[in-house]
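Working notes, structure below.
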Amino acid sequence: MGNSSSMLTQYDIEEVQEYCQNLFSQQEIVSLYQRFCQLDRNAKGFISADEFLSVPEFAMNPLSQRLLKMVDGLNFKDFVAFLSAFSAKASVQQKVKLIFKVYDSDGNGKVSFNDILEVLRDLSGSFISDVQREQVLTQLLKEAGYSKDSYLTLDDFNKIFGISELKMEVEVPVD
């Protein structure tokens with residue numbers, strides 16, 4: 001599985017489907033496998049950071065460098081698992097978990113004021129100053145009951161984002 005010269009068996013498809021909590025149909029998994037094989041140009045069975053950057057939408061994303069840390073070297077099963085957070089069937093908690101990982105770039109399970117500030121910097125670029133970003137973030141955290149010195153956990157993210165209807169969906173074209 002993951003080699004462009006190999007084919008997915010029914011067992012492989014069901015295994016990936018189960019691994020990804022049935023968030024994709026069997027047809028979608030086959031389509032994702034075809035896309036995975038296109039990206040895996042050297043047929044190594046995993047996708048490198050450079051191969052991910054060959055996708056224009058990914059390369060243009062202001063958070064691409066953070067996302068690359070999460071996706072570099074994924075095999076097919078993990079590729080589908082990563083994408084499952086974008087499935088229409090994914091729960092808010094699954095989507096929030098992915099968002100948390102984007103903010104928690106060092107993987108310590110905590111997001112600091114500076115972690116959030118870095119993401120805001122990536123997203124806003126030079127459109128607002130560092131001082132303005134800090135002021136906005138300080139006020140936002142204060143309104144949510146946190147301070148500049150707070151460390152947010154996944155549970156905190158679930159409390160903050162869990163009340164919203166997150167729309168993080170990607171349509172998987174099925175041939």
Side-chain angles (χ1 to χ4, degrees), residues 1-111 115-116 118-119 122-123 152-162 164-175:
M1 192 177 358
N3 183 328
S4 58
S5 63
S6 68
M7 294 295 296
L8 281 178
T9 65
Q10 183 63 33
Y11 174 80
D12 291 332
I13 294 168
E14 290 171 6
E15 182 183 357
V16 171
Q17 200 172 23
E18 185 178 322
Y19 186 71
C20 299
Q21 302 168 335
N22 296 305
L23 293 174
F24 291 114
S25 69
Q26 291 189 6
Q27 275 188 303
E28 288 172 322
I29 289 172
V30 170
S31 293
L32 288 170
Y33 184 72
Q34 291 167 348
R35 183 64 173 141
F36 178 87
C37 290
Q38 290 170 348
L39 291 171
D40 182 16
R41 293 187 300 258
N42 299 325
K44 299 176 302 294
F46 64 89
I47 303 175
S48 69
D50 288 340
E51 290 167 329
F52 269 106
L53 286 173
S54 71
V55 178
E57 297 84 356
F58 191 88
M60 292 173 21
N61 187 313
L63 299 175
S64 63
Q65 292 306 310
R66 288 176 170 275
L67 293 169
L68 279 178
K69 291 178 186 176
M70 298 168 63
V71 299
D72 188 23
L74 292 183
N75 63 27
F76 178 64
K77 277 172 61 172
D78 292 331
F79 172 74
V80 177
F82 172 77
L83 292 177
S84 65
F86 297 97
S87 166
K89 298 176 195 169
S91 69
V92 170
Q93 287 79 16
Q94 289 166 306
K95 294 173 189 298
V96 170
K97 187 175 181 180
L98 177 69
I99 293 169
F100 181 80
K101 287 180 180 179
V102 169
Y103 282 83
D104 182 22
S105 63
D106 63 2
N108 68 355
K110 297 181 283 188
V111 174
D115 291 332
I116 300 171
E118 285 176 27
V119 172
D122 291 344
L123 290 172
L152 305 180
T153 64
L154 179 57
D155 286 341
D156 294 319
F157 267 59
N158 276 314
K159 286 177 199 164
I160 293 166
F161 289 107
S164 67
E165 289 296 318
L166 285 176
K167 298 290 182 207
M168 287 179 20
E169 297 171 12
V170 174
E171 189 173 316
V172 177
V174 179
D175 298 328

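As a basis for the values below, the full set of heavy atoms in this structure was taken, side chains included, without hydrogen atoms, waters or symmetry mates.
- A donor-acceptor pair is defined here as one N or O able to donate and one able to accept, closer than 3.5 Å; such a pair exists between the side chain of D40 and the backbone of G45.
- At a threshold of 4.5 Å between non-hydrogen side-chain atoms, the residues N158 and F100 do not count as touching.
- Put simply, SG on C37 and CE on M7 are 9.0 Å apart, with the number rounded to the nearest 0.5 Å.
- Here OG of S105 is found 10.5 Å from CE of M70. Values are rounded to the nearest 0.5 Å.
- Contact between L83 and F24 at its shortest, heavy atoms only, is O-CZ, 3.7 Å.
- Side-chain contact of S91 with Q94: a donor-acceptor pair under 3.5 Å is present, judged by distance alone.
- No donor-acceptor pair under 3.5 Å is formed between the side chain of D115 and the backbone N or O of D104.
- Annotation for L23 and S87: closest pair O-OG, 2.9 Å, computed over non-hydrogen atoms.
- Taking every heavy atom of both residues into account, I99 and F157 meet most closely at CG2-CE2, 4.1 Å.
- Distance alone, capped at 3.5 Å, places no donor-acceptor pair between the K110 side chain and the T153 backbone.
- Heavy atoms from other residues, nucleotides or ligands lying under 6.0 Å from CD of E18 number 12 at most.
- Between P62 and L123, the shortest heavy-atom contact is CG-CD2, 3.9 Å.
- Defined by atom type and a distance below 3.5 Å, a donor-acceptor pair is missing between the side-chain atoms of Q34 and Q38.
- Side-chain contact between I47 and V71 is absent, with no heavy atoms from C-beta onward closer than 4.5 Å.
- Within the 4.5 Å cutoff, the side chain of L152 has no heavy atoms near those of the Y103 side chain.
- When atom types are taken as modelled, the side chain of E51 and the backbone of R41 share a donor-acceptor pair closer than 3.5 angstrom.
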Criterion side chain to side chain contact (heavy atoms under 4.5 Å, CB included) on F82 and L67, from CA distance to verdict: CA-CA 10 Å; F82 172 77; L67 293 169; 4.3 Å; yes
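- Put simply, CD on Q17 and CG on D12 are 12.5 Å apart, with the number rounded to the nearest 0.5 Å.
- With hydrogens and angles ignored, the 3.5 Å screen pairs no side-chain donor or acceptor of D122 with any backbone N or O of V119.
- In this structure a side-chain-to-backbone donor-acceptor pair under 3.5 Å is missing from K77 to C20.
- Classification of the Y33-F76 ring pair by plane angle, with boundaries at 30° and 60°, yields perpendicular.
- The two atoms that bring K89 and S25 nearest to each other are NZ-N, 4.3 Å, heavy atoms only.
- The distance from the OG atom of S84 to the NZ atom of K95 is 9.0 Å, given to the nearest 0.5 Å.
- The shortest distance between side-chain heavy atoms of Q26 and Q10 falls below 4.5 Å.
- Atom-to-atom distance recorded for R35:CZ and L32:CG is 10.0 Å, nearest 0.5 angstrom.
- Using a 4.5 Å heavy-atom threshold, the side chains of Q27 and V30 count as separate.
- Here the shortest heavy-atom pairing between F36 and F46 reads CZ-CA, 3.9 Å.
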